[in-house]
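Please read the structure below before turning to the comments.
In listed order, ligands and their atoms are each counted from 1. These numbers come from a predicted model, not from an experiment.
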Amino acid sequence: MVRANSLRARQSGYSGALETAAPCLALVESARCESLHHALICAAADGLIVWMRGDLERVLFDEPAIHRRLDDMAAQISNDYRERDLTVIAVLHGSLMFVADLLRRIPLPLKLDCLRVASYHGEAESSGDVVFKQITVPDVAGRDVLILDDILDSGHTLAAIRETLETVKPHSIRVCVLLSKNKQRARDVDIDYVGFEIADEFVVGYGLDFKERYRNLPYIGVLRKELLEED
Ligand code: IMP
Ligand code: MG
């Protein structure tokens, strides 16, 4: 049916449009996309990913590597929190992809809440000034809290979140990060679960941003240094 549509498009002589649509037709004909509309979206997404890939120095963890690690982390967390009142606190926005993929692997009756904080304010270095963008602190009194964040860098963010949540008197607090940078930290933070240890480099993708970009890259990579220095 889609093939018939593409043939009809060819016959009706839209040669310029067809040139533009060639990658879409190839997607349809390779059966990766079931309609021209879907193919258009896929081609645009492929172009976007290729464009963002060019801004990376190198890829650190591809999708299969991330998912394999999440399988192990989820198994460990599921085991540790069996028969406990687990509340996951996701630190937005960086942890979005991580939280979505990890929690779907944890078959426990957990609760999910979110916190929105900022300490980078669009820069590549933490300002140390952690602003809570969400006014109300989640009610976690008496619960076993697991804080999920994308990355541990200076330690300012997780130290401030931990201190704030402790005021609500949860039963326990643990911290889980996808990435932890190997570096001297401004604040010490005890981390209970770590996906990957990485060098002290600025990374993007899989939720992590630089100036709000690259979050939708499906893998994690090191951003080219000259982009960090650009205005
Ligand atoms: P910290 O307060 O310096 O530990 O930084 C925590 C927050 O800074 C993380 O939750 C991230 O949102 C952001 N961050 C730290 N390092 C990176 C990085 O390499 N890439 C993207 N964001 C980062
Ligand atoms: Mg960020």
Side-chain angles (χ1 to χ4, degrees), residues 49 52-63 65-66 69-70 73 88-103 112-134 137-138 145-166 173-231:
I49 298 295
M52 286 192 286
R53 172 70 183 87
D55 286 355
L56 300 187
E57 196 180 288
R58 64 189 193 282
V59 172
L60 281 184
F61 306 108
D62 62 11
E63 270 185 285
I66 295 171
R69 186 68 192 108
L70 293 190
M73 294 174 84
V88 170
I89 304 286
V91 184
L92 298 180
H93 300 329
S95 70
L96 261 175
M97 318 286 171
F98 174 43
V99 169
D101 286 343
L102 184 74
L103 293 195
L112 171 64
D113 220 321
C114 300
L115 267 182
R116 234 191 113 201
V117 300
S119 68
Y120 270 50
H121 312 297
E123 304 303 322
E125 288 280 320
S126 171
S127 63
D129 169 23
V130 180
V131 179
F132 282 70
K133 300 214 157 184
Q134 179 183 322
V137 174
V145 172
L146 181 62
I147 303 168
L148 291 192
D149 202 1
D150 52 359
I151 188 164
L152 174 65
D153 184 20
S154 69
H156 283 301
T157 305
L158 282 166
I161 290 176
R162 200 185 177 120
E163 277 165 13
T164 302
L165 289 177
E166 265 159 11
I173 299 188
R174 284 189 186 178
V175 180
C176 171
V177 291
L178 178 62
L179 304 171
S180 169
K181 286 190 194 174
N182 245 319
K183 67 186 283 189
Q184 193 75 31
R185 300 194 205 292
R187 306 269 324 253
D188 276 338
V189 187
D190 286 336
I191 300 292
D192 303 278
Y193 307 94
V194 180
F196 303 100
E197 301 270 356
I198 62 168
D200 187 12
E201 296 179 298
F202 200 84
V203 293
V204 292
Y206 196 66
L208 290 134
D209 73 304
F210 177 57
K211 296 190 176 175
E212 295 303 328
R213 278 163 51 185
Y214 310 104
R215 291 195 198 276
N216 54 336
L217 263 182
Y219 42 77
I220 297 167
V222 178
L223 193 66
R224 283 183 17 224
K225 307 255 171 334
E226 62 268 31
L227 294 173
L228 289 174
E229 282 142 26
E230 270 175 20
D231 224 7

Worksheet item: Could you state the interatomic distance from CZ (R53) to CZ (R58), rounded to the nearest 0.5 Å?
Response: 10.5 Å
Response to the item:
d(F61 CZ, L178 CG) to nearest 0.5 Å is 8.0 Å
Practice prompt. Could you see which bit of D209 sits under 4.0 Å from ligand 1, with heavy atoms only: side chain, backbone, both or neither?
Written response: backbone
Fill in: Distance filter under 4.0 Å to G155 heavy atoms, resulting ligand 1 atoms
1 (P), 3 (O), 4 (O)
Discussion item. Would you compute the distance between atom CZ of R187 and atom CG of L158 and round it to the nearest 0.5 angstrom?
Written reply: 10.5 Å
Practice prompt. Examine V203 against ligand 1 and note whether any of their N/O atoms are separated by less than 3.5 Å.
Written response: yes
Practice prompt. Enumerate the atoms of ligand 1 whose separation from the nearest heavy atom of E201 is less than 4.0 angstrom.
Written response: 19 (O)
Worksheet item: Where do R213 and V204 land on the side chain to side chain contact (heavy atoms under 4.5 Å, CB included) test, with the steps shown first?
Response: CA-CA 8 Å; R213 278 163 51 185; V204 292; over 6 Å; no
Worksheet entry | Close-contact set for ligand 1 against D149 heavy atoms, below 4.0 Å | 10 (O)
Practice prompt. Enter the distance from M73:CE to F196:CZ here, rounded to the nearest 0.5 Å.
Written response: 8.5 Å
Discussion item. Contact between ligand 1 and R187 is defined here as a heavy atom of the residue under 4.0 Å from a ligand atom; is it met?
Written reply: no
Fill in: Heavy-atom gap L208 to ligand 1 smaller than 4.0 Å
yes
Worksheet item: Quick one: does S154 get a heavy atom under 4.0 Å from ligand 1?
Response: yes
Practice prompt. Ignoring angles and geometry beyond distance, decide whether L158 reaches within less than 3.5 Å of ligand 1 through its nitrogen or oxygen atoms.
Written response: no
Acceptor/donor pairs from residues 88-101 side chains to any protein atom, 3.5 angstrom cut, sequence neighbours excluded:
from: S95; atom 1: OG; to: V91; atom 2: N; distance (Å): 3.4
from: S95; atom 1: OG; to: V91; atom 2: O; distance (Å): 2.7
from: D101; atom 1: OD1; to: R104; atom 2: NH2; distance (Å): 2.7
from: D101; atom 1: OD2; to: H67; atom 2: NE2; distance (Å): 3.4
from: D101; atom 1: OD2; to: Y206; atom 2: OH; distance (Å): 2.6

Worksheet entry | Residue-ligand contact K181/ligand 1, heavy atom below 4.0 Å | yes
Worksheet item: For the atom pair CG (L208) and CZ (R215), what is the distance rounded to the nearest 0.5 Å?
Response: 8.0 Å
Worksheet item: If you measure from each non-hydrogen atom of D150 to ligand 1, which part falls under 4.0 Å: side chain, backbone, both or neither?
Response: side chain
Item to complete: Provide the closest heavy-atom pair for L56 versus V59 in the form atom of the first, atom of the second, distance.
Response: CD1-CG2, 4.4 Å
